[in-house]
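Structure record follows, encoded as structure tokens.
All chains are named by letter (A, B, ...) in the order of the sequence lines, taking the proteins before the strands, and each is independently numbered beginning at 1.
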Amino acid sequence: GESVGLHLPTLSVQEGDNSIINCAYSNSASDYFIWYKQESGKGPQFIIDIRSNMDKRQGQRVTVLLNKTVKHLSLQIAATQPGDSAVYFCAESDSGGGADGLTFGKGTHLIIQP
Amino acid sequence: KAGVTQTPRYLIKTRGQQVTLSCSPISGHRSVSWYQQTPGQGLQFLFEYFSETQRNKGNFPGRFSGRQFSNSRSEMNVSTLELGDSALYLCASSLGGLGDTEAFFGQGTRLTVV
């Protein structure tokens, strides 16, 4: 039969508000986690990463939280802007880093309302 | 500095044909990873090359192959194309060393098999 395309979860927030995107991972051996942003027609763009020996890391307007107990990762974006509209993917790896052997989540479509 | 360059950007092929895609990593990067992105399966890891050697491989059939040259440029080849091979093929480059982190993706090659 015909394959069904992914129905991406959608998160709609008002410009200027904070947003939180969540991700569950499955591999207990994963030691490196990354968030990517993908805009239409472009490749994924690195946002922020975190290693398993940390539970929080902050960047410019973004914070990643890692809860290894429940295998949960979240991305917080502060003061969202129209340019933040994109699909956001979490990715995990047990290869230690880079883009080697990443397992990507299905993605969340973030829509910033003016 | 120049980003990851993938050529061609778009390609249309017929079932049964073969195709070669090219990826030029960021200067100084020695690791190149390839991913397939489809609406049904999302982003899936194909393989990773470092210093002309395949270091890691995903779960794709042998019709998918790749190689890396001494200048770190990489090619991937798909033989006996099937309709289901229609996808966005992305490559990512990183330094590739121990503790390597940030990887950079190209814009991808959109392959359509008819």
Apply salt bridge (Lys or Arg N to Asp or Glu O under 4.0 Å) to residues A:Lys68 and A:Asp55 and explain how you reach the verdict.
CA-CA 8 Å; A:Lys68 295 181 287 295; A:Asp55 52 24; over 6 Å; no
Evaluate the side-chain proximity of A:Ile47 to A:Leu75: yes if any heavy-atom separation is below 4.5 Å, no if none is.
yes
Test your reading of the model: is there a side-chain donor-acceptor pair from B:Gln6 to the backbone of B:Cys91, 3.5 Å cut-off?
yes
About how many Å separate OG1 of A:Thr80 and CG of A:Asn18, when rounded to the nearest 0.5 Å?
7.0 Å
Answer yes if the side chains of A:Thr63 and A:Arg57 hold a donor-acceptor pair under 3.5 Å, and no otherwise.
no
Please flag which part of A:Gln45 lies under 4.5 Å from any non-hydrogen atom of chain B: side chain, backbone, both or neither.
neither
Count the heavy atoms belonging to other residues, nucleotides or ligands that lie under 6.0 Å from CG of B:Asn59, then report whether that count exceeds 12.
no
Can you list the residues that meet the ring pair (Phe, Tyr, Trp, His ring centres under 6.0 Å) rule with A:Phe46, with sequence neighbours excluded?
none
Report, by ascending residue number, the residues of residues 75-86 of chain B in heavy-atom contact with chain A at a distance under 4.5 Å; give 'none' if the set is empty.
none
Taking non-hydrogen atoms and a cut-off under 4.5 angstrom, which of residues 105-114 of chain B neighbour chain A?
B:Phe105, B:Gly106, B:Gln107
Nearest 0.5 angstrom please: B:Ser33 OG to B:Asn56 CG, how far?
8.0 Å
Assess whether atom CZ of B:Arg15 is packed by more than 12 heavy atoms of other residues, nucleotides or ligands within 6.0 Å.
no
Counting heavy-atom pairs under 4.5 Å to chain B, which of A:Gly105, A:Ala91, A:Gly101 comes out on top?
A:Gly101
If you define the side chain from C-beta out and look only at heavy atoms, does anything of A:Ile34 sit under 4.5 Å from A:Ile48?
no
Heavy-atom cut-off 4.5 Å, strictly under: side chain, backbone, both or neither for B:Leu95 against chain A?
neither
For the pair A:Tyr25 and A:Phe33, name the ring-plane relationship: parallel under 30°, tilted 30 to 60°, perpendicular over 60°.
tilted
Can you tell me if A:Gln14 has over 12 outside heavy atoms packed within less than 6.0 Å of its CD?
yes
Are A:Ile111 and A:Thr10 packed together at the side-chain level, in the sense that at least one heavy-atom pair is separated by less than 4.5 angstrom?
yes
By residue number, those in residues 43-55 of chain B with heavy atoms under 4.5 Å from heavy atoms of chain A are B:Leu43, B:Phe45, B:Glu48
Segment of A:Leu102 engaging chain B (4.5 angstrom heavy-atom cut-off)
both
When rounded to the nearest 0.5 Å, the distance separating CZ of A:Phe89 from OH of A:Tyr36 is 11.5 Å
Do A:Leu11 and A:Ser19 make a side-chain contact, defined as non-hydrogen atoms from C-beta onward lying under 4.5 Å apart?
yes
